Amino acid sequence: MPVICQNTVGRCSFIDVLEEAVLVHRPVALALRDGERFIDTVVDVVTENHEDYAVFAAHARVAVSEIVAATRAEPRRR
């Protein structure tokens with residue numbers, strides 16, 4: 001999975017990427033607008049009060065609008 005930037009693909013497509021990450025149960029590397037970066041597994045994508053949030057296994061949930069980019073954290077094993 002290449003680096004996918006929200007500004008490039010658009011919000012809806014970016015949410016689709018996060019929802020796919022939920023289905024495949026693979027860690028993703030994320031870059032946030034404030035410069036923070038982390039690797040975690042997305043366990044859900046939810047909407048509350050007109051805002052979408054990515055819910056993670058080991059980190060606090062993050063508003064999708066605060067996520068700049070995402071990529072697979074580890075190569076696929078064959």
Side-chain angles (χ1 to χ4, degrees):
M1 169 189 209
V3 174
I4 299 171
C5 297
Q6 187 171 179
N7 290 343
T8 303
V9 299
R11 184 179 181 86
C12 289
S13 292
F14 196 75
I15 290 171
D16 289 344
V17 168
L18 294 172
E19 288 174 338
E20 182 180 334
V22 172
L23 296 174
V24 298
H25 307 288
R26 285 203 177 91
V28 292
L30 297 156
L32 305 184
R33 292 198 188 286
D34 67 3
E36 181 182 358
R37 295 177 181 272
F38 65 87
I39 295 173
D40 204 343
T41 302
V42 185
V43 296
D44 201 2
V45 179
V46 298
T47 303
E48 284 183 19
N49 299 321
H50 308 290
E51 179 68 73
D52 298 303
Y53 294 91
V55 180
F56 299 96
H59 287 82
R61 72 182 187 165
V62 175
V64 171
S65 61
E66 294 301 312
I67 304 172
V68 175
T71 189
R72 184 181 299 125
E74 55 189 40
R76 252 192 188 159
R77 294 188 177 102
R78 294 183 187 233

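Remember, predicted model here, so these are calculated numbers, not experimental data. Positions are given from 1 along the sequence.
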Under 4.5 Å between any side-chain heavy atoms of E19 and I15, yes or no? yes

Under 4.5 Å between any side-chain heavy atoms of I67 and L18, yes or no?
yes

Those residues at least two apart in sequence (or on a different chain) that pass side chain to side chain contact (heavy atoms under 4.5 Å, CB included) with S65 are R11, E51, A63

So ring pair (Phe, Tyr, Trp, His ring centres under 6.0 Å) across residues 19-46, not counting sequence neighbours, yields F38-F56, F38-H59

side-chain contact (heavy atoms from CB on, under 4.5 Å) test vs V45 passes for just one of T47, V42, V43, namely V42

Tell me whether D40 contacts the main-chain N or O of A58 through its side chain, where contact means a donor paired with an acceptor under 3.5 Å. yes

Heavy-atom nearest pair, V64 first then A54, reads CG2-N, 4.1 Å

Q. So, do D44 and R61 sit near enough that their side-chain heavy atoms are less than 4.5 Å apart?
A. no

**Report entry** Shared hydrophobic cluster for V9 and V62 (ILVMFWY, side-chain gaps under 4.5 Å)
**Finding:** yes

Interatomic distance, CD1@I4 vs OG1@T71, rounded to 0.5 Å, equals 7.0 Å

Linking I/L/V/M/F/W/Y whenever any side-chain heavy atoms sit under 4.5 Å apart, do L32 and F14 land together?
yes

Residues pairing under side-chain hydrogen bond (donor to acceptor under 3.5 Å, both in side chains) where one sits in residues 27-39, two or more places apart or in two chains, turn out to be none

side-chain contact (heavy atoms from CB on, under 4.5 Å) with R26: of V24, V22, L23, only one passes, and it is V24

